[in-house]
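Accompanying notes for the structure given below.
Numbered from 1 within each chain, the chains take letters A, B, ... in sequence-line order. Values below: every heavy atom of this structure, side chains too, minus hydrogens, waters and symmetry copies.
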Protein chains: 2
Amino acid sequence: MNDPDFSRRIRDAGGRVTAARLAVLRCLAEADEPLTPDEVLEHLARNSDHVPDRVTIYRAIDWLAVHGLVRRLATVGRAARYEPVEDREAHAHFQCRRCAQTRCLPAPTPPLPPLPSGYVAERVELVIHGLCAACRAGENE
Amino acid sequence: MNDPDFSRRIRDAGGRVTAARLAVLRCLAEADEPLTPDEVLEHLARNSDHVPDRVTIYRAIDWLAVHGLVRRLATVGRAARYEPVEDREAHAHFQCRRCAQTRCLPAPTPPLPPLPSGYVAERVELVIHGLCAACRAGENE
DNA sequence: GGTAAAAATGCAATAAAATGGCAAAAAGAC
DNA sequence: GTCTTTTTGCCATTTTATTGCATTTTTACC
């Protein structure tokens, strides 16, 4: 996915195409796992010449989330994690209880359980908790 | 579930039976939805004469979670939410994107997706995102 | 019941994650 | 290029959670 595409998606969502939004969207799209706002900042600090302020990153992510370009995941760790909304949908996430790593898994779309009357479901999320390979190996340290 | 039972479960887990642990466990068990530490504190402040310090509640919850008596849920909201681990297992949770309400749903146990080699799954969690009845009604306010 | 060792608590300080206000800067329409 | 609106940067603040340490409580043992 190239930058003109990012620009178009931002414009289509009704917002201005700014350096911060492009950088954040690009960063999340290039990462192979969901990132926290701080991780986005780190990545930009390393790979980009213009580094937006931390608050700007929060606001850019919020904007992207509200307009459906990124998704905020349910997490057990303290910081929120975000991933881009792309074609490849309906995947589960694995969260390591030791290192808080979060990674994407292939997953069948889970069935939607019955909801109380008046409730509307917008998204189903499947979270697998456990230990990643590295943490499992070093658990006794 | 009565207090002697709570005491026994705490003792069986290898810890001391303290007022704070009993109060927190009881509070979570009586609530019909998962609570944040602050909500636990509020409940105790209203329904109990000895109100533990906020830090004590955090520590009691942590201890209960580490020893398997309560479970920390993956949340989209900012604060962590906990629910007691009881007989009635394997249920999904609904989280309202507007008011952050989190409630339990009946749910089939979802299938476990394949994990990368070396990874171990310990728990599968199903989170339904959407709007609760009240927020759906008042969304245009 | 009384006593000692170990564990848990309260309090103050601190850290981590996120948000709000407002003036300055940038984006887009013309 | 100029103007209007949106976005950004910076500072302060809030919310959520954690750490250090002296004091209190729990429990094992007599």
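For DNA chain D, the span of nucleotides reached by chain B at under 4.0 Å from its heavy atoms goes, 5' to 3', from dT15(D) to dT27(D).
Nearest nucleotide to the R16(B) side chain, out of dA8(C), dA18(C), dT9(C): dA8(C). Of the listed nucleotides (dA12(C), dA15(C), dT9(C)), dA12(C) has the atom at the smallest distance from the side chain of V55(B).
Regarding contacts with the backbone of dA18(C), a side-chain N or O of Y58(A) is found under 4.0 angstrom from either OP1 or OP2. Close to dG10(C), at under 4.0 Å from its OP1 or OP2, lies a side-chain N or O of H50(B). The shortest distance between the side-chain N/O atoms of T18(B) and the OP1/OP2 oxygens of dA8(C) is not below 4.0 Å.
Across all strands shown, A20(B) has heavy atoms under 4.0 Å from sugar-phosphate atoms exclusively, and none from any base. A80(B) comes within 4.0 angstrom of sugar-phosphate atoms only, judged by non-hydrogen atoms across all strands, and of no base.
The closest donor-acceptor contact from the side chain of S48(A) to the backbone of V51(A) lies at 3.5 Å or more, if one exists at all. At distances below 3.5 Å, not a single donor-acceptor pair connects side-chain atoms of R97(A) with backbone N or O atoms of L131(A). E39(B) contributes a side-chain N or O that, together with a main-chain N or O of T36(B), makes up a donor-acceptor pair within less than 3.5 Å. No side-chain donor-acceptor contact under 3.5 Å links R81(B) to the backbone of T102(B). A donor-acceptor pair is defined here as one N or O able to donate and one able to accept, closer than 3.5 Å; such a pair exists between the side chain of E125(A) and the backbone of A74(A).
Rounding to whole angstrom units, CG of residue L41(A) and P of dA18(C) are separated by 12 Å. Following rounding to the nearest Å, D38(A) (CG) and dA15(C) (P) show an atom-to-atom distance of 15 Å. Atom pair R59(B):CZ and dA12(C):P shows a separation of 14 Å (rounding to whole Å applied). Summarising the geometry, the separation between CG on L22(B) and P on dA8(C) is reported as 13 Å, rounded to the nearest angstrom. Following rounding to the nearest Å, R54(A) (CZ) and dA18(C) (C1') show an atom-to-atom distance of 10 Å. In this structure, I61(A) atom CD1 and dT19(C) atom C1' are separated by 14 Å, rounded to whole Å. If you take CZ of R11(A) and C1' of dG28(C), they are 9 Å apart, rounded to a whole angstrom. One interatomic measurement links the two molecules: CD1 of I10(A) to P of dA26(C), which rounds to 18 Å at whole-angstrom precision.
Rounded to 10°, the angle separating the first-five-pair axis and the last-five-pair axis of the helix from dG1(C)-dC30(D) to dC30(C)-dG1(D) equals 50°.
Between D62(A) and A19(B), the one whose closest nucleotide on DNA chain C sits nearer the 5' end is A19(B). Toward the 5′ end of DNA chain C lies the nearest nucleotide of G14(B), the other residue of the pair G14(B) and R78(B) mapping further downstream. Looking at which nucleotide of DNA chain D each of D53(A) and R72(B) is closest to, the 5′-most match is held by D53(A).
Using a 4.5 Å heavy-atom threshold, the side chains of L35(B) and Y82(B) count as separate.
Ring geometry, W63(B) versus H67(B): the interplanar angle falls under 30°, so the pair is classed parallel (tilted spans 30 to 60°).
With respect to the salt-bridge test (charged N to carboxylate O, under 4.0 angstrom), the residues D5(A) and R8(A) qualify. Using a cutoff of 4.0 Å between basic side-chain nitrogens and carboxylate oxygens, R71(B) and E83(B) are scored as salt-bridged.
Remark: R54(A) engages D38(A) in a side chain to side chain donor-acceptor pair (under 3.5 Å) (not counting sequence neighbours).
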